[in-house]
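In what follows, chains carry the letters A, B, and so on, assigned in the order in which the sequence lines appear, proteins first and then strands, with residues in each chain numbered from 1. Everything numeric here is computed off the predicted structure, so don't read it as measured data. Values below: all heavy atoms of this structure, side chains included; hydrogens, waters and symmetry mates excluded.
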Protein chains: 2
Amino acid sequence: MSTTSRDVARVAGVSQSTVSRVLQNRGNVEESTRQRVLKALEDTGYVPNLQARAMRMRRSGLVGVVTGSITNPFYPELLDGLARALAGADLRMALWTADEPASSTVAVQAIQGGAADGLIFTTATPSDPALREAVAQHLPIVLVNRSISGLHCDQVTSDNVAGGQLVAEYFLAHGRTEVAVVGGSDLISTGRERRQGFVSAMAENGIEIPPHRQPECDYTHDAAVNVGLELLGHPNPPSAVFCVNDLVAFGIQDAAFRLGVAVPDALWVAGYDDIPMAAWDRIDLTSVRQPIESLAKVAVECLLKRITNPDEPYEHRRFGAELAVRGSTAGAPPPPDAI
Amino acid sequence: MSTTSRDVARVAGVSQSTVSRVLQNRGNVEESTRQRVLKALEDTGYVPNLQARAMRMRRSGLVGVVTGSITNPFYPELLDGLARALAGADLRMALWTADEPASSTVAVQAIQGGAADGLIFTTATPSDPALREAVAQHLPIVLVNRSISGLHCDQVTSDNVAGGQLVAEYFLAHGRTEVAVVGGSDLISTGRERRQGFVSAMAENGIEIPPHRQPECDYTHDAAVNVGLELLGHPNPPSAVFCVNDLVAFGIQDAAFRLGVAVPDALWVAGYDDIPMAAWDRIDLTSVRQPIESLAKVAVECLLKRITNPDEPYEHRRFGAELAVRGSTAGAPPPPDAI
DNA sequence: ATCCAGCATGAATACGATTTCATACGACGC
DNA sequence: GCGTCGTATGAAATCGTATTCATGCTGGAT
């Protein structure tokens, strides 16, 4: 049986309220008794019961995180940043992976039940009823990485449209006009926006991308290989491919490898997220980099603000993105003013 | 203000105890009132206060997981398995990454404070005082992936020594005797055991590995590249390298790539963990595979058993490992009976 | 008819902390 | 010397649930 604050009080010869006062460093307590209590705390090896404290304080110290497929290395990077930021704010992190179908439902129940103080979604679909309900109840919720327009909650993203444009302009500046874009389903904001940015920037330069050069693709390496084999095996293959995330780009690179298509001579490949593997020598993938650390930090800041001050207006903070040029494309990106 | 079970009771015209009885499906309650309560629950949109419930039941429904560096893709794989297994047991998961220095301390405090029902360590050092203390107090703790001999708690691992042997015997069977082993500090059980298995199997076959062919190495790609450049740049370079995990192997492969050393002709490389990237076409790394899914499943089973029945004897369950042969080495592994 | 078992249910208690309320005491100003 | 104020502290209320205890009632067996 664990020792309670009442046990400590008995040892120190004071009342339980005084122990609590010392613990909370609040209210007046004479220095001598204060010392006596501190000694008793030490002697008994007291550990506060977090459940009881949470129940009374209506604050659990736990933040729920609903994350996308954790086997996509982008998410661990983001989680790492979130973990760091949360630990800095003395908060613990509960994790739900979106692979489990009911994860958002369970997460929302957790916050409704007071088991979590707030929720961070790194992935979300507009139709998710649990998310909708949580937002309707004005629970402290922050979307990071994904954005859902019209959803009344804080959202922290990077400018995916601009990122897509960046790649398009880079391709164009080097005369790569036979382009394709892989992935970017309408349901997922990141992919959709990235593709839109790319496609519209191409359109503005008079280049229409035919449907067969805009294949849909699961966001996994293996799915991308299959898509790539088809795309690159076409009688009139593209000379540059923009992939809406790095895992897909790796798959396209591997498809090119299997088919003996030379990268970057015959084919340029660009990805998105700039996960660490993109920089490895034999991958060497040009990719759009998001400021992951900042995204995480700001998301946590937003959540803290929302928890302490629920009536602040909702923020939509959007970071820039930059292109990390590597060997899967050749040539430095054009200077900004040349665009 | 959230609705409590007392509110529901008022709506249903019964006492709070009856509501609780319906909720818990325990004790006798007449079908008609039961229906009335269920309707009231529905109407009021009641969500139980998990803190209060946890406090009363002395069970939080939360399991703490202390994980190794989440940016090493092995850990997300393991976490994924753990998340699945925990969700199946209707448990939530709190995550601490070991990158934060105090993570194990905080995790242990969480369980001591009743905020978690049990702890799963996927990484741990023998000297960790928080871990020691938790074990001494017979708190429900399971080590998975790591093993610490003499520590009285459940441990679930795969046979890392056998895995190292497997690689050694594979190298030997194909006449690769100029071998090196990279990584495997004494502090980390997995690496140490893998190296020991490899080194001792080599020794049994009369092959002593000189110290300069046993470099230490951080478990990251970039550190491994530097180690690899040195190792392979040596006037008398090895013809086969065993790396204690895949990230390190990727780095060694890249070092070979930079130096123009042909893999697998001039150099064989083998890794450990068989993370998904190992199977990608342009990585194509031979690696020792652990049954990650089983490790995770059994770890959770162990923990559940320990939580419900604290006095069971401690188990040390150890799974086998197998070699996934790919292009970074050439030649099928020898049949088992040839070893 | 009586008694007892068992059922349905409400009242009360416990969980362990925080916080409010009440009280006793000492000092100070008039 | 008395009222008042501030300080130090203990007693009690509170958070929302699960569970135990108490009670009235019904039905069947003797």
Side-chain angles (χ1 to χ4, degrees), chain A residues 1-41 44-62 90 109-117, chain B residues 1-41 44-62 90 109-117:
Chain A
M1 204 45 54
S2 58
T3 68
T4 75
S5 63
R6 196 159 268 118
D7 299 332
V8 177
R10 196 173 308 124
V11 170
V14 298
S15 78
Q16 185 257 344
S17 354
T18 300
V19 175
S20 184
R21 269 188 278 260
V22 171
L23 247 31
Q24 300 296 316
N25 231 344
R26 135 180 286 141
N28 297 319
V29 42
E30 207 185 352
E31 186 57 25
S32 65
T33 60
R34 193 182 129 76
Q35 290 301 333
R36 217 161 65 243
V37 170
L38 286 176
K39 179 156 188 333
L41 285 169
T44 54
Y46 170 77
V47 178
N49 183 314
L50 298 175
Q51 303 291 357
R53 175 174 288 177
M55 172 168 168
R56 182 61 230 244
M57 310 255 276
R58 304 183 156 284
R59 188 138 194 289
S60 65
L62 195 67
D90 209 28
Q109 280 173 352
I111 191 179
Q112 289 175 329
D117 297 333
Chain B
M1 202 46 52
S2 57
T3 69
T4 73
S5 62
R6 196 158 268 120
D7 298 332
V8 176
R10 196 173 309 125
V11 171
V14 298
S15 77
Q16 182 260 338
S17 357
T18 301
V19 174
S20 185
R21 269 188 279 261
V22 171
L23 247 31
Q24 301 297 316
N25 230 346
R26 135 181 284 139
N28 297 318
V29 42
E30 205 185 354
E31 185 56 25
S32 65
T33 60
R34 192 182 128 77
Q35 290 302 333
R36 216 160 66 243
V37 169
L38 286 176
K39 179 156 188 333
L41 285 170
T44 55
Y46 169 78
V47 178
N49 182 314
L50 298 176
Q51 303 291 358
R53 175 174 289 179
M55 172 168 168
R56 180 63 229 250
M57 309 257 275
R58 306 187 152 284
R59 189 140 192 289
S60 65
L62 194 67
D90 209 26
Q109 281 173 352
I111 191 179
Q112 288 175 329
D117 297 333

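Under the 3.5 Å distance criterion, the side-chain polar atoms of A:S60 are left unmatched by any main-chain donor or acceptor of A:A54. Judged by distance alone, the side chain of B:R6 and the main-chain N or O of B:Q16 form no donor-acceptor pair under 3.5 Å.
Taking atom CZ on A:R10 and atom P on D:dG10, their separation rounds to 14 Å, with Å as the unit. Taking atom CZ of residue A:R58 and atom C1' of nucleotide D:dC15, one finds them 6 Å apart after rounding to whole Å. The distance from atom CE of A:M55 to atom C1' of C:dC15 is 8 Å, rounded to the nearest whole Å. One atom, CZ of B:R53, and another, P of D:dA18, lie 4 Å apart when rounded to the nearest Å.
The two residues A:V19 and A:V37 make their nearest non-hydrogen contact at CA-CG1, 4.2 Å. Closest non-hydrogen pair, A:A40 versus A:V11, comes out as CB-CG1, 3.8 Å. Among all heavy-atom pairs drawn from B:Y46 and B:T4, the shortest one is CE1-C, 3.6 Å.
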Show the distances under 3.5 angstrom between N or O atoms of the protein and N or O atoms of nucleotides 11-13 of chain D.
{"unit_1": "D:dA11", "atom_1": "N7", "unit_2": "A:S17", "atom_2": "OG", "d": "3.3"}
{"unit_1": "D:dA11", "atom_1": "N6", "unit_2": "A:S17", "atom_2": "OG", "d": "3.0"}

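Taken residue by residue, residues 24-35 of chain B places heavy atoms nearer than 4.0 Å to DNA chain D at B:Q24, B:R26.
Note on A:M57: only backbone sugar-phosphate atoms sit closer than 4.0 angstrom, heavy atoms only; bases stay farther off. Heavy atoms of A:S20 sit under 4.0 angstrom from at least one base atom. A:V14 comes within 4.0 angstrom of the backbone, heavy atoms only, and of no base.
Counting only heavy atoms from C-beta on, B:N49 has its side chain closest to D:dT17 among D:dT17, C:dG16, D:dT9.
Atom-to-atom distance recorded for A:R56:CZ and A:R58:CZ is 9.0 Å, nearest 0.5 angstrom.
B:L38 has its side chain within reach of B:L41: a pair of non-hydrogen atoms, C-beta onward, lies under 4.5 Å apart. Between B:V14 and B:R34 the shortest side-chain heavy-atom distance does not fall below 4.5 Å. Side-chain contact check for B:R53 versus B:Q24: some heavy-atom pair is nearer than 4.5 Å.
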